[in-house]
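Let me begin by presenting the structure, written as structure tokens, before commenting on it.
Source: prediction; values computed, not measured.
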Amino acid sequence: SVSALSRFIGRAVDEVLPHCPQLLKKMYDCVHTGKGEEYQDWYEFGHSDREPARLRVNITRSGCGRIEVTGEDVTREPVAEVDSCDRECLSRALQEVCSAGSMLLDSDGRILIMNQAMAFICGVTPDKASGENVARIVPAYLWRILRGPLATCWRQSTAVSFSCRWDGRSFEWRITPVDSGRSRGARIALVAHDVSSQVNAAKAIEACEQRYRLLAENAREMISLHNCDGVFEFATPASLAILGLDPEALLGRNPYDLIHPEDRLSVSEAQDAVLTRAGKRHIECRMKHRRGDHVWVESTVCCVRDDGSAESPRIVCVTRDISRRKQAEEDLKAAMRQLESKQIALSEVLCRFAEEKESVSSAVGERIRSALLPVVKDMKQYVPEAIQDRLGALATMIEQVTQSPPEPADNRLAGLTQREVEVCRLIRNGQSTKEIAGALGLSPLTVNKHRETIRRKLGVQNKGVNLRSFLKQVRL
């Protein structure tokens, strides 16, 4: 109506047509160059429930610097049937995409050909979609996604690629302008690849990597990767707690620079064994901490090969700090040595006490014998013969009571040879292996062999039990 049109009189064109930047650009070009142009494009005019219209626009410059713009709605113009040229064009554009959704549009946005996969994506049948405007066939949500890339492809005649998620699936779209070689204009080929499986697999891999990264970054053990020469290629953040060094400070560094000189040989042998033979090796060594001292570490080492190739071996090492355990072992050894020394001292005290007891008993018995037996013998001379027999029995009883009891035989010595008993006596007296060998005319190797045999026969298999302390409790 005239009243509706009067709203546009005297207003700037960019206020009236804010959603038509392509039209505004061509109008400004016409002002500056004086050249008109005829083209087609999609436009929307303010109604959210109205489909976009395709207009054939003609821009010309008239006198007095004025521009005339005419627009013809060609949205519903009939489309000719797809001819052999279009089919050949489609065949070139949609080559090797049978599993992908694809369709071909003409210059007016009408669907020329749509395959079954694209029809499934759009929720229609290929026959129903043929000849229809693409904006009316594809779902509204999908059209809002496709509208911008389609406009870009039409205006700039360049291929557009993008990704989107639709109906719970992931797609990769490619919109490509295709020249049909006819005067009717270009065609637009749309290809949609369903990449849901690839995206889900990538997400699963990423989640798996995140879990492994979470475990590696929060584990108390340092996990490291080395080349065949032992050089660090990767290390987890636990290196900061164990060695006081960041993982970046270890990359490219040889671990032998940190290993204590006394432990390098054993570590080198373990490394060679891992590289040449399958399996795992456990290594205990000292490594230098950043503060300057050495800490005890325990490493589990194994060899892995990329893709089963023997040309690129790698060494995986899991290292943990065992300084506290080593200190506890040293404390335990010190306590055992202290306990052993106390046990030896106690055994010596008991032996001395037994010897003193025996000497006191012998002294008391000797005094009793020396005091009573002479008196009994003198009394025999002054008493009748019947009483003399009783005095003789009394003297015999005094002799038996005051005599020291014989030492009981130790059954544990029954299996020892005479030479082994002699070695036991010398060990009990505190003589060393070298001294025993000199005293008996044997070699130190033979004496050590006697020691092992004595331990086995006496049941002293624990190396922590001192043989001398044990023999002091045995009667030889």
Side-chain angles (χ1 to χ4, degrees), residues 170 195 197-334:
S170 299
V195 294
S197 58
Q198 295 91 321
V199 171
N200 294 336
K203 289 181 179 180
I205 293 174
E206 183 180 0
C208 184
E209 290 178 351
Q210 289 179 352
R211 287 194 295 270
Y212 276 110
R213 189 179 300 111
L214 181 66
L215 292 174
E217 292 179 354
N218 293 277
R220 297 178 61 183
E221 293 80 7
M222 178 182 69
I223 304 173
S224 56
L225 182 66
H226 308 257
N227 62 15
C228 58
D229 296 325
V231 178
F232 279 97
E233 293 184 349
F234 170 79
T236 59
S239 62
L240 186 62
I242 296 176
L243 300 176
L245 297 172
D246 293 326
E248 293 77 10
L250 293 175
L251 299 183
R253 191 169 182 178
N254 197 312
Y256 288 97
D257 298 338
L258 303 174
I259 297 175
H260 195 279
E262 297 178 0
D263 300 330
R264 291 175 183 172
L265 179 60
S266 61
V267 174
S268 178
E269 292 175 351
Q271 178 183 345
D272 295 339
V274 166
L275 291 174
T276 56
R277 297 188 296 273
K280 298 181 179 179
R281 295 292 185 274
H282 298 279
I283 306 172
E284 291 185 2
C285 64
R286 289 161 288 181
M287 298 188 72
K288 190 174 183 179
H289 196 275
R290 184 180 179 182
R291 57 178 176 262
D293 60 335
H294 286 80
V295 295
W296 276 99
V297 297
E298 181 185 51
S299 299
T300 302
V301 185
C302 65
C303 180
V304 295
R305 305 183 186 277
D306 297 339
D307 300 329
S309 173
E311 298 178 357
S312 57
R314 294 292 187 273
I315 299 175
V316 177
C317 185
V318 181
T319 305
R320 59 174 178 161
D321 189 348
I322 58 170
S323 298
R324 292 185 178 180
R325 193 187 78 185
K326 282 291 184 180
Q327 185 61 41
E329 291 177 357
E330 292 297 328
D331 294 342
L332 180 60
K333 289 179 180 179

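- For the residue pair Asn254 and Asp229, the shortest heavy atom distance occurs at ND2-O, 4.0 Å.
- A donor-acceptor contact shorter than 3.5 Å links the side chain of Ser239 to the backbone of Leu245.
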| Can Arg325 and Glu329 be said to form a salt bridge (Lys or Arg N to Asp or Glu O under 4.0 Å), step by step? | CA-CA 6 Å; Arg325 193 187 78 185; Glu329 291 177 357; 3.7 Å; yes
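- The list of ring pair (Phe, Tyr, Trp, His ring centres under 6.0 Å) pairs with a residue in residues 205-244, not counting sequence neighbours, reads His226-Phe232.
- The closest side-chain heavy-atom distance from Ile205 to Glu209 is below 4.5 Å.
- Between Met287 and Leu243, the closest side-chain pair of non-hydrogen atoms falls below 4.5 Å.
- In this structure, CD1 on Ile259 lies 8.0 Å from OG on Ser266, to the nearest 0.5 angstrom.
- Counting only heavy atoms from C-beta outward, the side chains of Val316 and Leu225 approach each other to under 4.5 Å.
- Using a 4.5 Å heavy-atom cutoff, the side chains of Met222 and Leu250 are in contact.
- Once rounded to the nearest 0.5 Å, the distance linking CD1 of Ile315 with CD of Glu233 reads 9.5 Å.
- The salt bridge (charged side-chain N to carboxylate O under 4.0 Å, His left out) contacts involving residues 243-269 comprise Glu262-Arg286, Asp263-Arg286, where partners must be two or more places apart or lie in separate chains.
- Contact between Val295 and Ile242 at its shortest, heavy atoms only, is CG2-O, 3.9 Å.
- Scanning both residues, Thr236 and Glu221, for their nearest heavy atoms gives OG1-O, 3.9 Å.
- The NE2 atom of His282 sits 7.5 Å away from the CD atom of Glu298 when rounded to the nearest 0.5 Å.
- Partners of His260 under the ring-ring contact (aromatic ring centres under 6.0 Å, His included) rule, at least two apart in sequence or in another chain, are His294.
- Atom CZ in Arg314 sits 13.5 Å away from atom SG in Cys302 (nearest 0.5 Å).
- In this structure, OG in Ser299 is found 10.0 Å from CZ in Arg320, a value given to the nearest 0.5 Å.
- When all heavy atoms of Cys285 and Val267 are compared, the pair lying nearest together is CB-CG2, 3.9 Å.
- The minimum heavy-atom distance linking Lys280 with Thr300 is given by the pair CD-CG2, 4.2 Å.
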| request: Take Leu215 and Arg211 through the side chain to side chain contact (heavy atoms under 4.5 Å, CB included) test and state the conclusion after the steps. | output: CA-CA 6 Å; Leu215 292 174; Arg211 287 194 295 270; 5.5 Å; no
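- With a 6.0 Å radius and a threshold of 12 heavy atoms from other residues, nucleotides or ligands, Arg290 has its CZ atom at or below the threshold.
- Contact detail for Cys303 and Pro313: the closest heavy-atom pair is SG-CB, 3.9 Å.
- No more than 12 heavy-atom neighbours from other residues, nucleotides or ligands sit within 6.0 angstrom of NZ on Lys288.
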